[in-house]
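Throughout, protein chains are lettered first and strands after them, A, B, ... in sequence-line order, and every chain is numbered starting at 1. Remember, it's a predicted structure, so these values are computed and weren't measured experimentally.
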Number of protein chains: 2
Amino acid sequence: MSQQRVPTVRDVAARAGVSVGTVSKALNNRGQLREETRARVVAAARELGFRPNSLAQSLQSGRTYTVAVITTDRFGRFGNPLMLGVEDALGADRVSVFLCDTRDDPIREHHHAETLDERRVDGIIVAGRRKQTRAPLAVASGVPVVYVIAQSSDPADFCVTTDDIGGGILAARHLLASGRTRIGHITGPERFADPRERAAGLCQVLDDAGLSLAGGQVFYGEWSEDWGRRAAEMLLHAAPDTDAVFCGSDQIARGVVETLRDRRLRVPGDIAVIGFDNWEPMAAGCRPPLTTVDPNLREVGQVAATRLLDMIAGQPVEGGVHTVPAWLMLRESTGVRLIEP
Amino acid sequence: MSQQRVPTVRDVAARAGVSVGTVSKALNNRGQLREETRARVVAAARELGFRPNSLAQSLQSGRTYTVAVITTDRFGRFGNPLMLGVEDALGADRVSVFLCDTRDDPIREHHHAETLDERRVDGIIVAGRRKQTRAPLAVASGVPVVYVIAQSSDPADFCVTTDDIGGGILAARHLLASGRTRIGHITGPERFADPRERAAGLCQVLDDAGLSLAGGQVFYGEWSEDWGRRAAEMLLHAAPDTDAVFCGSDQIARGVVETLRDRRLRVPGDIAVIGFDNWEPMAAGCRPPLTTVDPNLREVGQVAATRLLDMIAGQPVEGGVHTVPAWLMLRESTGVRLIEP
DNA sequence: TACGTGCAGGAAAACAGTTTCCGAAGGTGG
DNA sequence: CCACCTTCGGAAACTGTTTTCCTGCACGTA
């Protein structure tokens with residue numbers, strides 16, 4: 001095994017016949033050096049395969065060019081587009097990211113916070129799975145923290161999250177615009193803020209249009225296909241003339257569509273169905289493919305990372321909650337209604 | 001903003017009335033110190049909220065306690081259980097993980113490799129999305145690298161991957177044991193090794209049992225529900241008496257199940273269906289819930305990380321491919337066959 | 001010839017720890 | 001009473017890099 005020691009500035013200096021300080025200057029385009037000297041140093045560095053030790057650099061500069069993402073939701077699918085957005089913003093700056101999964105365990109979170117403290121990360125993104133208020137991350141004062149989806153209980157903290165009310169409005173307007181008027185809503189647990197906000201957005205639009213919810217209530221339940229199937233039965237029982245269902249997730253929507261098919265109801269011919277999440281494999285694999293509200297998690301991640309970078313750069317970022325607008329992914333499940341079924 | 005400087009050993013030393021060397025010894029249980037002195041230092045450190053700068057520690061020790069995971073498959077779902085396994089193994093050792101997404105771009109990969117080189121990570125896990133042979137990661141000699149799923153073209157490298165042949169065998173045996181004999185196979189693209197191996201496992205068991213593939217061929221196609229739907233039609237057309245379908249993914253299986261239902265064929269009553277991946281929301285949300293082969297990605301991640309830790313610790317790890325056995329997640333789609341349909 | 005001036009590059013001090021070596025007490029035995 | 005050993009803790013070197021200061025040296029001018 002060629003266990004040769006990795007070369008340092010000293011090795012480069014020796015090979016180029018200069019001092020270490022000169023090597024640093026040459027490699028970083030600093031100071032006053034003859035072009036010939038600079039070239040000689042660069043050549044020596046290349047020949048040795050020299051890579052500056054970033055630990056030493058960070059120790060000296062106080063910047064590590066690392067950011068951590070602390071998440072409770074790795075397993076879940078939400079983390080993926082989010083991370084993509086984060087990397088979009090961070091990658092440009094040569095910032096590396098530590099991924100820390102707390103598995104919803106406060107002890108693990110604390111443990112990670114300590115470690116990150118010691119590693120002197122430049123900033124931290126705390127990503128929750130749900131919209132809720134949480135205690136601020138216990139971390140050394142001075143390290144910028146941005147909260148994502150779940151917000152900090154400290155109003156001075158900056159938080160970026162999805163616009164669920166807006167998503168509900170978007171879905172509602174779209175259904176109305178497609179000529180639907182008897183709209184039902186099947187969604188997740190009432191104890192979570194996300195489904196409540198989506199429902200609020202929907203109801204607001206319905207109110208404005210002088211309409212009311214098909215079935216007379218929001219069907220709160222679970223985030224599962226099975227709940228979608230069961231709730232669809234309930235909804236159709238309560239309001240057989242329903243002509244659209246807004247679902248709180250694509251999974252629920254899949255279940256709803258299945259029940260509708262079992263009942264020989266056509267989608268979108270008889271009933272339009274709209275989902276939430278734009279979880280590609282779920283929504284696109286559905287028959288018919290699902291129109292769905294995309295909460296724009298990638299953008300959420302991008303905004304979070306960008307603002308974090310601002311804070312790291314010392315720009316003042318005022319606290320508060322920044323919401324990223326959702327958008328509508330149009331597919332077939334809300335297509336044109338058949339006039340004569 | 002309370003921008004107070006973060007405390008260093010020097011601050012702790014001053015407060016405890018000792019020298020910096022003593023602080024280090026006290027905090028790390030090294031050297032010969034009176035218990036009283038040690039306690040005094042520990043108290044001072046706690047009062048100041050002292051956290052040792054791990055950059056300085058690493059610079060000195062040569063170990064960073066960081067590992068990087070370079071992946072082409074973040075967006076995909078495979079990364080999640082894999083990362084879970086990696087963290088299982090790494091977490092115990094206080095090792096932090098850098099997550100690098102190459103997005104399948106060799107330039108990005110190279111760029112990441114350079115950065116990791118400079119960060120002096122202790123080791124690297126290179127995770128591919130598919131079983132294939134790839135060029136070794138271009139990284140400074142000496143840094144241990146473990147390959148996951150995709151293997152290195154250098155036989156001296158260590159690689160851990162899934163057992164797709166074994167998975168196919170598992171599925172086939174299970175179907176046979178449930179009394180099925182006319183088994184079809186619908187799967188992903190033929191150009192990938194994974195689906196070919198799964199098919200090989202299946203065929204091997206069928207051969208041994210003196211059976212042949214329903215429909216006379218493997219139905220290679222795409223990793224989509226839609227392909228599952230279409231291929232199921234083709235299969236039933238070619239072999240109407242098919243009594244089981246082994247699918248190369250849970251998505252395909254969902255499509256197959258849908259076509260079967262459209263055709264009024266009961267699952268598992270008339271036809272058993274078995275998937276691959278054990279992608280929970282897909283498989284469990286299916287009606288009936290899908291029996292499926294779990295490729296054990298979490299275990300793959302664990303093994304990879306554990307061996308990497310071994311390599312970092314200096315233990316010789318011999319190159320070659322280590323495969324992790326798959327297991328069967330039993331749900332309802334392969335339940336007992338109805339004798340009289 | 002003496003004296004600024006400016007350029008090129010070296011020496012050394014940071015950064016924040018750990019570790020090795022060494023010396024000063026204090027106690028013990030001859 | 002003195003030599004010696006142990007115990008405790010300090011001083012300094014070291015990790016690899018950047019940065020500040022400083023010193024030669026060549027050059028131009030008086």
Side-chain angles (χ1 to χ4, degrees), chain A residues 4-42 44-45 48-66 94 115 117-122 140 142, chain B residues 4-42 44-45 48-66 94 115 117-122 140 142:
Chain A
Q4 73 261 33
R5 204 172 44 75
V6 323
T8 72
V9 269
R10 247 158 289 271
D11 301 315
V12 178
R15 176 172 257 258
V18 297
S19 73
V20 291
T22 305
V23 170
S24 174
K25 287 170 203 156
L27 261 24
N28 297 299
N29 278 316
R30 215 142 304 180
Q32 313 258 60
L33 266 57
R34 252 181 309 161
E35 199 40 57
E36 186 266 326
T37 311
R38 201 177 293 276
R40 196 147 39 88
V41 172
V42 169
L48 291 173
F50 169 74
R51 297 246 146 256
N53 183 328
S54 75
L55 299 168
Q57 292 179 317
S58 297
L59 189 57
Q60 149 71 23
S61 68
R63 282 264 287 160
T64 56
Y65 293 92
T66 55
R94 279 210 151 233
T115 305
D117 238 359
E118 297 179 0
R119 293 199 185 281
R120 302 293 192 263
V121 294
D122 293 335
Chain B
Q4 74 261 35
R5 206 172 43 75
V6 323
T8 73
V9 269
R10 250 154 287 269
D11 302 314
V12 177
R15 176 171 256 257
V18 296
S19 74
V20 292
T22 304
V23 170
S24 174
K25 286 170 204 157
L27 262 23
N28 297 298
N29 278 317
R30 215 140 305 181
Q32 313 259 59
L33 266 55
R34 251 181 309 163
E35 200 39 59
E36 185 267 326
T37 311
R38 200 178 293 275
R40 195 149 37 91
V41 171
V42 169
L48 291 174
F50 170 73
R51 298 248 145 255
N53 183 327
S54 75
L55 299 167
Q57 292 179 317
S58 297
L59 189 57
Q60 149 73 22
S61 69
R63 282 264 288 161
T64 56
Y65 293 92
T66 55
R94 280 213 150 229
T115 304
D117 237 358
E118 298 180 359
R119 293 199 186 281
R120 302 293 194 262
V121 294
D122 293 334

B:Asn53 side chain to B:Leu55 main-chain N or O, any donor-acceptor pair under 3.5 Å?
yes
Among residues at least two apart in sequence or on other chains, which ones pass salt bridge (Lys or Arg N to Asp or Glu O under 4.0 Å) with B:Arg63?
B:Asp122
For A:Leu48 and A:Pro7, which heavy atoms make the closest approach, and how far apart are they?
O-CG, 3.3 Å
Looking at every strand, decide which applies to A:Arg51 at a 4.0 Å heavy-atom threshold: base, sugar-phosphate, or nothing.
sugar-phosphate
Looking for any heavy atom pair under 4.0 Å, which part of the strands does B:Ser61 touch: base, sugar-phosphate only, or nothing?
nothing
Return the set of residues passing side chain to side chain contact (heavy atoms under 4.5 Å, CB included) with A:Gln57 (not counting sequence neighbours), or none when no residue passes.
A:Pro52, A:Ser54
Within the 4.5 Å heavy-atom criterion, are A:Phe50 and A:Leu27 side-chain neighbours or not?
yes
For DNA chain D, note the earliest and the latest nucleotide, 5' to 3', having some atom under 4.0 Å of a heavy atom belonging to chain B.
D:dC8 to D:dG16
Axis bend over the full length of the helix from C:dT1-D:dA30 to C:dG30-D:dC1, computed from five pairs that close each end, to 10 degrees
70°
Can you pull out the residues from residues 21-31 of chain A that lie within a 4.0 Å heavy-atom distance of DNA chain C?
A:Thr22, A:Lys25
Specify the closest pair of heavy atoms between B:Ala45 and B:Val12, including all atoms of both residues, with the distance to one decimal.
N-CG1, 3.9 Å
Any residue meeting side chain to side chain contact (heavy atoms under 4.5 Å, CB included) with B:Arg34, in chain and number order, not counting sequence neighbours:
B:Glu36, B:Thr37
B:Arg10: side chain to side chain contact (heavy atoms under 4.5 Å, CB included) partners, not counting sequence neighbours:
B:Thr8, B:Val20
Taking the side chain as C-beta and beyond, is there a heavy-atom pair between A:Arg5 and A:Asp11 under 4.5 Å?
yes
Identify, residue by residue, the members of residues 11-19 of chain A with a heavy atom below 4.0 Å from DNA chain D, and return them in order of residue number, or none.
none
Mind checking which nucleotides bracket the chain B contacts on DNA chain C, 5' to 3', with an atom under 4.0 Å from a heavy atom?
C:dA16 to C:dT20
Heavy-atom side-chain proximity of A:Arg119 to A:Thr64 below 4.5 angstrom:
no
Here's a test of your reading of the structure: between B:Glu35 and B:Gln60, which maps to the more 5' nucleotide of DNA chain D?
B:Glu35
I want to check something: taking the side chain as every heavy atom from C-beta on, are A:Asn29 and A:Arg38 in contact at a cut-off of under 4.5 Å?
yes
Give me each pair satisfying salt bridge (charged side-chain N to carboxylate O under 4.0 Å, His left out) with a member in residues 14-24 of chain B, each pair once, sequence neighbours excluded.
B:Arg15-B:Glu47
Nearest-nucleotide check on DNA chain D, A:Pro7 vs B:Glu36; residue mapping nearer the 5' end is B:Glu36
What residues form a side chain to side chain donor-acceptor pair (under 3.5 Å) with B:Ser19, not counting sequence neighbours?
B:Thr22
Could you go step by step and tell me if A:Glu35 and A:Arg40 meet the side chain to side chain contact (heavy atoms under 4.5 Å, CB included) rule?
CA-CA 9 Å; A:Glu35 199 40 57; A:Arg40 196 147 39 88; over 6 Å; no
Could you give me the CA-CA distance, side-chain angles and deciding distance for A:Val6 and A:Arg51, then say whether side chain to side chain contact (heavy atoms under 4.5 Å, CB included) is met?
CA-CA 8 Å; A:Val6 323; A:Arg51 297 246 146 256; over 6 Å; no
Which residues in residues 52-59 of chain B have a heavy atom closer than 4.0 Å to any atom of DNA chain C?
B:Pro52, B:Asn53, B:Ala56, B:Gln57
